[in-house]
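Keep in mind it's a predicted model, so treat the numbers as computed, not measured. Here, residue 1 is the first one in the sequence, and each next residue gets the next number. Counting starts at 1 for both ligands and their atoms, following the listed order.
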Amino acid sequence: MNHTYMCPSCRAKTRFNVIDQVVTPVMWNNDEGDYEETERQELFHMAYNGPDKRIQCGSCGLVEDEIRFLKMAQNNAK
Ligand SMILES: [Zn+2]
């Protein structure tokens with residue numbers, strides 16, 4: 001199992017920030033004039049289906065989905 005990362009931009013392999021995505025569904029409340037958290041998923045409210053993690057390169061600061069860093073490392077492992 002290879003979990004090596006490589007930055008797609010600067011090709012660094014050493015320093016990264018792993019960003020765990022925390023999803024908070026919110027909905028506009030007209031009375032409050034602000035967004036408020038919804039307890040449950042509303043009927044027409046699409047559930048978040050993006051990636052769990054994003055990665056920031058600790059060298060150049062690029063933020064991308066984890067898969068891009070994994071693929072980059074795989075493609076350069078030969
Ligand atoms: Zn980088």
Side-chain angles (χ1 to χ4, degrees):
M1 213 151 85
N2 189 348
H3 280 287
T4 313
Y5 295 146
M6 182 188 269
C7 176
S9 176
C10 74
R11 305 173 76 85
K13 289 190 275 190
T14 315
R15 292 182 200 83
F16 299 98
N17 298 314
V18 177
I19 307 160
D20 287 317
Q21 308 261 61
V22 179
V23 181
T24 306
V26 296
M27 204 169 150
W28 181 257
N29 183 320
N30 246 338
D31 299 332
E32 302 288 329
D34 205 353
Y35 289 97
E36 62 180 25
E37 287 186 34
T38 53
E39 290 295 315
R40 56 188 168 77
Q41 219 55 255
E42 299 283 337
L43 187 58
F44 297 110
H45 193 137
M46 184 186 280
Y48 177 74
N49 63 356
D52 294 340
K53 276 185 207 167
R54 301 199 76 183
I55 306 294
Q56 181 176 43
C57 174
S59 300
C60 75
L62 179 81
V63 180
E64 283 287 351
D65 294 348
E66 182 184 37
I67 190 74
R68 293 213 49 209
F69 286 81
L70 290 170
K71 289 278 183 217
M72 189 71 185
Q74 279 168 18
N75 293 341
N76 286 274
K78 292 144 202 158

Taking side chain as C-beta onward, heavy atoms only, is Ser59 less than 4.5 Å from Cys7?
-> no
Taking C-beta and beyond as the side chain, do Lys53 and Ile19 meet within less than 4.5 Å on heavy atoms?
-> no
Which other residues end up in the same hydrophobic cluster as Val22, if Ile, Leu, Val, Met, Phe, Trp and Tyr are linked when side-chain heavy atoms come under 4.5 Å apart?
-> none
Do Met72 and Leu62 share a hydrophobic cluster (ILVMFWY, side-chain heavy atoms under 4.5 Å, transitive)?
-> no
Got Tyr35 and Asn29 here, is their nearest side-chain heavy-atom distance under 4.5 Å?
-> no
What lies under 2.8 Å from the Zn ion (ligand 1), restricted to protein N/O/S atoms, is Cys7 SG, Cys10 SG, Cys57 SG, Cys60 SG
Kindly indicate whether the side chain of Asn76, heavy atoms from C-beta on, has any atom under 4.5 Å from the side chain of Arg11.
-> yes
